[in-house]
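Reviewing the structure listed below.
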Amino acid sequence: MLLQTDMVALPPERVLRDDEHLAALPVELPSVGRTVGVTEAAHRTRTLALEALLGHLDEEAALLRASLGAGA
C-alpha cells in the first residue's frame, strides 16, 4: 500500500531495512509502546484462519495489558 499510494506509515525498522523502495523520514517520534494493529481489506470475508489469528491476538493483548497493569 505504501508503494502504490501517498500514505505515510510507522512500520518496524526491519521493514525499512529490507525494502529498498521505502525510506525513513527524519522525524523524531515518542515511543509508541507495544501497540499492535490489524488492517483488513473491507471487501473480503474473514476466513476461519484469520478469525483464529485475531482471536489469538486478542488473547495475547489481554495478557499483555494485564502484565502492564492496564486491566483486561
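Keep in mind that what you see is a predicted model, and the values were worked out from it rather than measured. Any value given below was found using the heavy atoms of this structure, including those in side chains, with hydrogens, waters and symmetry copies removed.
Residues meeting the side-chain hydrogen bond (donor to acceptor under 3.5 Å, both in side chains) test with R17, sequence neighbours left out: none. For V27, the side chain to side chain contact (heavy atoms under 4.5 Å, CB included) partners are L25, L29, not counting sequence neighbours. Under the rule for a side chain to side chain contact (heavy atoms under 4.5 Å, CB included), the partners of L3 that lie at least two apart in sequence or sit in another chain are D19, H21, L22. Applying the side chain to side chain contact (heavy atoms under 4.5 Å, CB included) test to A23 and every residue at least two apart in sequence or in another chain returns nothing. In this structure, the side-chain hydrogen bond (donor to acceptor under 3.5 Å, both in side chains) partners of D18, at least two apart in sequence or on a different chain, are R14. The salt bridge (charged side-chain N to carboxylate O under 4.0 Å, His left out) search around R44 returns none, not counting sequence neighbours.
Applying the side-chain hydrogen bond (donor to acceptor under 3.5 Å, both in side chains) test to residues at least two apart or on different chains, the pairs with a partner in residues 45-63 are E40-R46.
Criterion: ILVMFWY side-chain heavy atoms under 4.5 Å apart, direct or through other members. Under it, L57 and L50 are part of a common hydrophobic cluster.
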